[in-house]
Amino acid sequence: MDLMALTPSATLGRELLALVVDLALIGAVVLVIQPEMLAIAVMFGVVGMFMAVRLVAGFRTRGYSRELTGGR
(Lines give C-alpha, C1' and ligand atoms only; values in the text may rest on other atoms or scores of the structure.)
Protein backbone atom coordinates (compact mmCIF):
# COMPACT_ATOMS: atom_id res chain seq x y z
CA MET A 1 0.00 0.00 0.00
CA ASP A 2 2.95 2.32 0.62
CA LEU A 3 3.75 2.31 -3.10
CA MET A 4 0.44 3.89 -4.13
CA ALA A 5 -0.44 5.99 -1.10
CA LEU A 6 -0.66 9.75 -1.32
CA THR A 7 0.52 10.15 2.26
CA PRO A 8 3.98 9.28 3.64
CA SER A 9 4.71 5.79 4.94
CA ALA A 10 4.79 5.11 8.66
CA THR A 11 8.59 4.69 8.77
CA LEU A 12 11.54 6.12 6.87
CA GLY A 13 12.64 2.65 5.76
CA ARG A 14 9.28 1.90 4.20
CA GLU A 15 9.27 5.30 2.49
CA LEU A 16 12.73 4.74 0.99
CA LEU A 17 11.70 1.25 -0.15
CA ALA A 18 8.61 2.72 -1.82
CA LEU A 19 10.80 5.31 -3.57
CA VAL A 20 13.17 2.66 -4.94
CA VAL A 21 10.38 0.31 -6.03
CA ASP A 22 8.40 3.10 -7.71
CA LEU A 23 11.44 4.21 -9.69
CA ALA A 24 12.19 0.58 -10.62
CA LEU A 25 8.61 0.14 -11.86
CA ILE A 26 8.97 3.24 -14.04
CA GLY A 27 12.26 1.80 -15.31
CA ALA A 28 10.51 -1.46 -16.24
CA VAL A 29 7.78 0.46 -18.07
CA VAL A 30 10.46 2.40 -19.95
CA LEU A 31 12.17 -0.85 -20.98
CA VAL A 32 8.93 -2.37 -22.25
CA ILE A 33 7.41 0.65 -23.99
CA GLN A 34 10.68 2.36 -25.07
CA PRO A 35 9.25 5.88 -25.35
CA GLU A 36 11.16 8.94 -26.51
CA MET A 37 13.74 10.50 -24.20
CA LEU A 38 11.49 13.44 -23.31
CA ALA A 39 8.72 11.08 -22.16
CA ILE A 40 11.22 9.14 -20.05
CA ALA A 41 12.45 12.35 -18.42
CA VAL A 42 8.89 13.47 -17.71
CA MET A 43 7.93 10.10 -16.15
CA PHE A 44 10.96 9.99 -13.88
CA GLY A 45 10.59 13.68 -13.05
CA VAL A 46 6.95 13.40 -12.04
CA VAL A 47 7.48 10.30 -9.92
CA GLY A 48 10.68 11.73 -8.41
CA MET A 49 9.02 15.00 -7.44
CA PHE A 50 6.00 13.20 -5.98
CA MET A 51 8.22 10.92 -3.91
CA ALA A 52 10.38 13.87 -2.78
CA VAL A 53 7.26 15.70 -1.57
CA ARG A 54 6.17 12.55 0.29
CA LEU A 55 9.62 12.27 1.89
CA VAL A 56 9.60 15.90 3.05
CA ALA A 57 6.05 15.48 4.38
CA GLY A 58 7.18 12.38 6.27
CA PHE A 59 10.00 14.30 7.93
CA ARG A 60 7.54 17.01 8.95
CA THR A 61 4.55 14.89 10.03
CA ARG A 62 5.79 11.35 10.77
CA GLY A 63 9.01 12.25 12.55
CA TYR A 64 11.49 10.48 10.28
CA SER A 65 14.28 12.57 11.81
CA ARG A 66 13.76 10.80 15.15
CA GLU A 67 14.50 7.49 13.43
CA LEU A 68 17.82 8.83 12.17
CA THR A 69 18.93 9.69 15.72
CA GLY A 70 17.78 6.40 17.23
CA GLY A 71 14.76 7.87 19.04
CA ARG A 72 11.37 6.26 19.19
Side-chain angles (χ1 to χ4, degrees):
M1 196 63 192
D2 289 336
L3 299 177
M4 299 183 307
L6 294 176
T7 59
S9 300
T11 64
L12 178 60
R14 286 171 50 184
E15 185 65 29
L16 293 176
L17 177 67
L19 178 120
V20 170
V21 172
D22 281 343
L23 291 177
L25 288 173
I26 295 298
V29 168
V30 165
L31 286 175
V32 171
I33 297 175
Q34 298 180 350
E36 302 229 2
M37 204 58 170
L38 179 62
I40 293 171
V42 168
M43 283 191 280
F44 276 108
V46 167
V47 171
M49 287 299 293
F50 176 71
M51 295 304 289
V53 168
R54 274 184 48 170
L55 189 62
V56 169
F59 272 102
R60 293 185 55 98
T61 61
R62 303 281 177 138
Y64 290 167
S65 57
R66 286 190 309 263
E67 294 177 32
L68 296 175
T69 61
R72 288 185 164 237

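Given the structure is predicted, the values throughout are model-derived calculations rather than measurements.
A pairwise comparison of heavy atoms in T11 and Y64 identifies C-CE2, 3.5 Å as the closest pair. Closest heavy-atom contact between G58 and P8: N-CG, 3.5 Å. Among all heavy-atom pairs drawn from A10 and E67, the shortest one is O-OE2, 4.0 Å.
When hydrophobic residues (I, L, V, M, F, W, Y) are linked wherever their side-chain heavy atoms come within less than 4.5 Å, the members clustered with V46 are L38, V42.
The side-chain hydrogen bond (donor to acceptor under 3.5 Å, both in side chains) check on R54 picks up S9, E15, with sequence neighbours excluded. For S65, the side-chain contact (heavy atoms from CB on, under 4.5 Å) partners are F59, not counting sequence neighbours. Listed by chain and number, the residues in a side-chain hydrogen bond (donor to acceptor under 3.5 Å, both in side chains) with R14 are D2 (sequence neighbours excluded).
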Pairs under 3.5 angstrom only: tabulate donor-acceptor contacts from the side chains of residues 21-32 to other protein residues two or more places apart or in another chain.
none

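Looking only at side-chain heavy atoms (C-beta outward), F44 and I40 come within less than 4.5 Å of each other. When side chains are defined from C-beta on, V47 does not count as touching L19, because their heavy atoms never get closer than 4.5 Å.
Judged as a salt bridge (Lys or Arg N to Asp or Glu O under 4.0 Å), not a single pair has a partner in residues 32-46 (not counting sequence neighbours).
How far CG of L16 is from CE of M51: 8.5 Å, rounded to the nearest 0.5 Å.
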Decide yes or no on side-chain contact (heavy atoms from CB on, under 4.5 Å) for L12 and L55, but give the supporting numbers first. CA-CA 8 Å; L12 178 60; L55 189 62; 3.8 Å; yes
